[in-house]
Undergrad: 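Before I ask anything, let me first share the structure, which is written out below as structure tokens.
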Amino acid sequence: MDFEALLAARLDGLHKEGRYRVFAEIERHAGSFPHATRHADGLKRDVTVWCSNDYLGMGQSPKVIAAMHEALDKSGAGAGGTRNISGNSHDHVLLERELADLHGKEAALLFTSGYVSNWATLGTLGASIPDCLILSDESNHASMIEGIRHSRAEKRIWRHNDPKDLDRILCEYGPERPKIIAFESVYSMDGDIAPIAEILAVAERHGAMTYLDEVHAVGLYGPYGGGIAEREGLMNRVTIIEGTLGKAFGVMGGYITGSAVVCDFIRSFASGFIFSTALPPAVVAGALASIRHLKTSNLERDRHQECVRKVRSRLNSIGIPCLPNPSHIVPVMVCDPVKCKWIGDILLDRYGIYLQPINYPTVPRGTERLRITPSPLHTDSDIDHLANSLSDLWSKCALARQVA
Ligand code: PLP
């Protein structure tokens with residue numbers, strides 16, 4: 001078997017479809033986000049980053065950086081083991097307490113990423129609860145889909161953000177059947193928000209457990225940064241709230257929060273938690289500082305929303321088609337994989353704007369887009385430059401404008 005040829009042919013397929021991923025080589029500079037240096041062809045160029053998930057710029061917060069330095073100097077680089085075998089520091093325990101408090105839950109459990117927290121938790125629950133049925137929103141993230149698949153539990157997919165469809169499916173099963181409803185609050189590619197209250201009402205009617213991924217909402221919504229469920233006063237009705245420390249909190253890691261029993265169960269049975277080195281103490285200390293800051297400061301959230309409003313209104317005024325949604329994500333629809341990649345490349349090479357093109361399989365074919373994530377740190381002149389550059393390229397590509 002010529003394995004190399006087989007793999008190369010698959011890669012070739014990606015090239016032909018225009019969806020081969022090329023990573024931009026970006027050097028972030030603490031203190032100047034969203035401005036960064038791009039390395040390409042042996043040259044360095046300034047770019048403005050418009051597609052970061054460090055939504056609030058907390059990755060360069062002086063408080064976060066100071067906490068990380070202090071922990072690094074105090075404890076060294078790595079955790080030195082799994083949580084069970086020497087890797088459980090005092091900071092890990094404090095961070096879990098802080099996360100439980102953030103979501104109004106009894107307990108929390110840390111993982112090395114949001115991906116692992118979804119995969120390990122859904123995988124473990126689905127495999128451990130006899131005859132478990134998992135109801136998954138059709139737009140759920142790959143980490144949830146993989147966790148559910150790994151569990152080998154029966155899965156039913158309900159229409160995206162449609163509680164009626166969820167109810168229709170649940171009516172096929174009796175009350176004795178154990179059920180988990182898995183969904184997200186903010187969907188990261190379309191930026192739409194789940195009708196959480198209605199979904200919870202359906203879940204309660206059918207006696208189902210609920211699993212809510214707030215990865216794109218924690219830090220950003222709610223008076224303390226607890227996410228959409230906090231903003232809507234619903235946290236106590238959700239069984240498990242999952243989040244990341246790598247996006248709005250600006251560091252790295254993932255977590256779940258829930259009852260003491262649920263967290264203890266995952267801690268005790270999830271292989272993706274048990275058999276993996278704990279997060280480094282410096283990462284944990286940085287996340288702790290970030291969460292604590294965002295619990296008491298609304299400045300970043302207010303400025304973030306203000307920048308989102310400005311970007312949307314500027315793009316609308318020049319007819320650049322953005323998907324309307326109630327969140328902080330501004331998807332600019334190109335709907336052509338080749339043009340989408342071309343615009344992304346030209347923005348980077350000629351306009352100094354880094355806006356990663358999003359193609360299939362991250363989004364369905366025909367809905368290729370540029371996903372803009374404004375931050376509290378983008379200035380009016382950054383917004384002007386972005387809007388003018390997109391306007392130029394829209395004309396060059398003969399792409400349709402949206403009539404306001
Ligand atoms: N859940 C959702 C909805 C996501 O979009 C992502 C990542 O983008 C994850 C989970 C994984 O989180 P992390 O980046 O911390 O692994």
Side-chain angles (χ1 to χ4, degrees), residues 21 23 49 51-56 58-59 64 95-96 99 102-103 108-125 134 136-150 157 160-161 180-194 196 199 210-221 225 227-229 238 240-257 266 270 272-273 276-280 283-284 286-288 290-291 325 327-331 356-359 361-364 369 371-373:
R21 292 185 164 127
F23 299 157
V49 181
C51 56
S52 175
N53 282 343
D54 184 0
Y55 292 124
L56 299 176
M58 290 304 287
V64 172
L95 178 54
E96 285 177 343
L99 287 165
L102 178 67
H103 294 289
L109 191 68
L110 283 169
F111 296 82
T112 45
S113 71
Y115 188 103
V116 175
S117 53
N118 277 336
W119 180 82
T121 306
L122 286 169
T124 305
L125 287 176
I134 305 187
S136 178
D137 182 288
E138 72 177 325
S139 297
N140 273 347
H141 188 256
S143 52
M144 283 198 267
I145 295 170
E146 289 299 334
I148 295 166
R149 189 192 318 227
H150 179 70
I157 295 173
H160 177 53
N161 274 353
I180 303 173
I181 297 171
F183 64 114
E184 302 177 23
S185 57
V186 176
Y187 284 84
S188 71
M189 290 300 144
D190 286 355
D192 53 341
I193 296 181
I196 302 178
I199 293 167
T210 45
Y211 184 95
L212 175 61
D213 174 318
E214 289 250 38
V215 159
H216 293 277
V218 289
L220 300 171
Y221 297 93
I228 301 289
V238 182
I240 299 175
I241 297 178
E242 181 268 346
T244 183
L245 304 169
K247 300 190 196 292
F249 293 127
V251 191
M252 185 174 181
Y255 65 88
I256 56 163
T257 62
I266 300 302
F273 171 82
S276 190
T277 299
L279 286 171
V283 167
V284 172
L288 193 55
S290 184
I291 293 165
N325 68 45
S327 78
H328 58 284
I329 292 159
V330 185
Q356 187 67 36
I358 313 278
N359 284 357
T362 309
V363 293
R369 66 197 66 184
R371 176 180 176 271
I372 303 177
T373 52

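Heavy-atom basis, side chains included; hydrogens, waters and symmetry copies ignored. We count ligands from 1, going down the list as the structure has it; atoms in each ligand are counted the same way.
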Undergrad: To the closest 0.5 Å, what do you measure between CD1 (Ile134) and CG (Leu122)?
TA: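 Result: 5.5 Å between the selected atoms.
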Undergrad: Please report which non-hydrogen protein atom sits nearest to atom 1 (N) of ligand 1, along with the residue it belongs to and the distance in Å to one decimal place.
TA: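 Its nearest protein heavy-atom neighbour is Asp213 OD2, 2.7 Å.
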Undergrad: Anything under 30° is parallel, anything over 60° is perpendicular, the rest tilted; go ahead and classify His160 against Tyr187.
TA: perpendicular
Undergrad: If you round to the nearest 0.5 Å, how far is NE2 of His216 from NE2 of His141?
TA: 6.0 Å
Undergrad: Rounded to the nearest 0.5 Å, what's the gap from OG on Ser185 to CG on Asp213? Could you check?
TA: 7.0 Å
Undergrad: Which side chain to side chain donor-acceptor pair (under 3.5 Å) pairs, counting each pair once, include a residue from residues 247-257, with sequence neighbours left out?
TA: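 Passing the test, one end in residues 247-257: His103-Tyr255.
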Undergrad: Nearest protein heavy atom to atom 9 (C) of ligand 1, by residue and atom, and its distance?
TA: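 Answer, as residue, atom name and distance: His141 CE1, 3.5 Å.
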Undergrad: Would you please determine whether Ser143 falls within less than 4.0 Å of ligand 1 on a heavy-atom basis?
TA: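 It does, in that a heavy atom of Ser143 comes within the 4.0 Å cut-off of ligand 1.
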Undergrad: Check each heavy atom of Asn53 against ligand 1 and say whether those closer than 4.0 Å belong to the side chain, the backbone, both or neither.
TA: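 None of Asn53 does.
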Undergrad: Which residue holds the protein heavy atom closest to atom 16 (O) of ligand 1, what is that atom called, and what is the gap in Å?
TA: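 Of the protein heavy atoms, Tyr115 N, 2.9 Å lies nearest.
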Undergrad: If you round to the nearest 0.5 Å, how far is CG of Asp190 from CZ of Arg371?
TA: 10.5 Å
Undergrad: Among all the protein's non-hydrogen atoms, which is closest to atom 13 (P) of ligand 1, and how far away is it?
TA: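 Protein heavy atom with the smallest distance to atom 13 (P) of ligand 1: Gly114 N, 3.4 Å.
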Undergrad: Any sub-3.5 Å donor-acceptor pair from Asp54's side-chain atoms to Gly59's backbone N or O?
TA: yes
Undergrad: With a 4.0 Å cut-off on heavy atoms, is Lys247 in contact with ligand 1?
TA: yes
Undergrad: What protein heavy atom is closest to atom 15 (O) of ligand 1, reported as residue, atom name and distance in Å?
TA: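 It is Thr244 OG1, 2.6 Å.
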Undergrad: To which protein heavy atom is atom 3 (C) of ligand 1 closest, and what is the distance rounded to 0.1 Å?
TA: Glu184 OE1, 3.3 Å
Undergrad: Show me which atoms of ligand 1 lie under 4.0 Å from any heavy atom of Asn118.
TA: 1 (N), 10 (C)
Undergrad: Which residue owns the protein heavy atom closest to atom 5 (O) of ligand 1, what's the atom, and how far is it?
TA: His216 NE2, 2.6 Å
Undergrad: To the nearest 0.5 Å, what is the distance between CG (Asn161) and CD (Glu184)?
TA: 9.5 Å
